[in-house]
Amino acid sequence: GEWNYYGRGPNKWHEQFPIAKGQRQSPIDIVTSNAKVDKALSDNPLKVSYSNNCCQSVTNTGASFQVVVDGAGTEISGGPLDSTYKLVQFHAHWGPLGGDEGSEHTVDGVTYPAELHLVHWNQKYKDVGEAVDKPDGLAVIGVFFSRGKEHAGFKPISDLFAKVPRKADKVDISFNYDPACLLPARRDYWTYLGSLTTPPLFESVTWIVMKDPVEVSAEQLAALRNLLWETPSGEGQMCNNYRPPQPLQGRLVRST
Ligand SMILES: NS(=O)(=O)c1ccc(C(=O)NCc2ccc(F)cc2)cc1
Ligand SMILES: [Zn+2]
């Protein structure tokens, strides 16, 4: 059997998950000229209040890394959100070594080498398991990674990837870490209603995609490949764990 669903390719996911051809699938190509500035988003700014001791561990999920967060005090609200959402984990998607593809969302067809996802669940539900398949259940902040200077804030995390090479490997985060350091300085974003970008592809995500990328170094992008996964020809470097853009199906993308 496959250890990861990218093995057969995202174009086959609909066979087991028919919602893959649904009306609010993610990611999408963000056509900036079609995005509609919505004053309401700036009138009620997105509030990100993370604590600096919320990150518990890094795990190799077999399809990405995942920093698991203890929800104490890590909340977002405002902007497109009608209630408070709590951070539960963050992970990323990336492409081949040295390439420029790898992000899931694209901007006017432009790809980035990686995309970070900060996953939050709606506090109106009792837990993330209840929220994960509700239309307003999740809010994911997407941050594009561009190749440039080293990101000091990402270094403590990227240095841990070598310690979790195989699926289910896990290392505790013993230091204080505030995931807000991964957000770009300028907090402008696009927002639209979409889905999980991996099976089960639930249409439960309010996407908040930051307009500005954050720079990470080529070495930090390369560190993502310390994570290994199962490929049809045996164990290999984890890469190309991204779903390509899906049909917009007439959805509106709003912008700050
Ligand atoms: N790339 S993304 O940010 O869109 C994304 C975020 C979270 C999840 C997730 O929680 N999956 C686990 C999972 C497993 C079983 C379920 F029934 C529901 C979720 C998947 C994709
Ligand atoms: Zn993701």
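In listed order, ligands and their atoms are each counted from 1.
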Item to complete: Report the C-alpha separation of Q23 and R251 in whole Å, then their side-chain angles, then the decisive distance to 0.1 Å, and conclude whether the side-chain hydrogen bond (donor to acceptor under 3.5 Å, both in side chains) test is met.
Response: CA-CA 9 Å; Q23 297 302 305; R251 283 172 284 176; over 6 Å; no
Practice prompt. Return yes when at least one protein heavy atom is under 4.0 Å from atom 9 (C) of ligand 1, and no when none is.
Written response: no
Worksheet item: Is at least one protein non-hydrogen atom found at under 4.0 angstrom from atom 17 (F) of ligand 1?
Response: yes
Discussion item. Parallel, tilted or perpendicular, judged at 30° and 60°: which one describes the rings of Y6 and W229?
Written reply: tilted
Heavy atoms only, cut-off 4.0 Å: how does [X] contact ligand 1, side chain, backbone, both, or neither?
X	result
F90	neither
V119	side chain
V132	side chain

Discussion item. Can you tell me how far apart CZ (F90) and CZ (F65) are? Round to the nearest 0.5 Å.
Written reply: 6.5 Å
Fill in: K211 and S255: side chain donor to acceptor below 3.5 Å
yes
Discussion item. Is it the case that the side chains of T61 and Q66 hold a donor-acceptor pair, with the cut-off being a distance below 3.5 Å and no angle test?
Written reply: no
With heavy atoms of [X] as the reference, note each atom of ligand 1 found under 4.0 Å away.
X	result
W207	3 (O), 4 (O)
H117	1 (N), 2 (S), 3 (O)
H93	1 (N)

Worksheet item: What are the two closest non-hydrogen atoms of P179 and Y177, and how far apart are they?
Response: CD-O, 3.5 Å
How close does the nearest protein non-hydrogen atom get to [atom], and which residue and atom is it?
atom	answer
atom 4 (O) of ligand 1	T197 N, 2.9 Å
atom 5 (C) of ligand 1	L196 CD2, 3.9 Å
atom 20 (C) of ligand 1	T198 OG1, 3.2 Å
atom 12 (C) of ligand 1	P200 CD, 5.0 Å

Worksheet entry | L87/E75 under side chain to side chain contact (heavy atoms under 4.5 Å, CB included): CA gap, chis, key distance, verdict | CA-CA 6 Å; L87 180 66; E75 297 181 340; over 6 Å; no
Worksheet entry | Y50 and D178: CA distance, side-chain angles, deciding distance, side-chain hydrogen bond (donor to acceptor under 3.5 Å, both in side chains) verdict | CA-CA 7 Å; Y50 294 157; D178 180 351; over 6 Å; no
Worksheet item: Would you say W207's side chain and I28's backbone share a donor-acceptor pair under 3.5 angstrom?
Response: no
Fill in: Angle at the Zn ion (ligand 2) (to 10°), with one arm to ND1 of H117 and the other to NE2 of H93
100°
Worksheet entry | Contact with ligand 1 for Q89, non-hydrogen, under 4.0 angstrom | yes
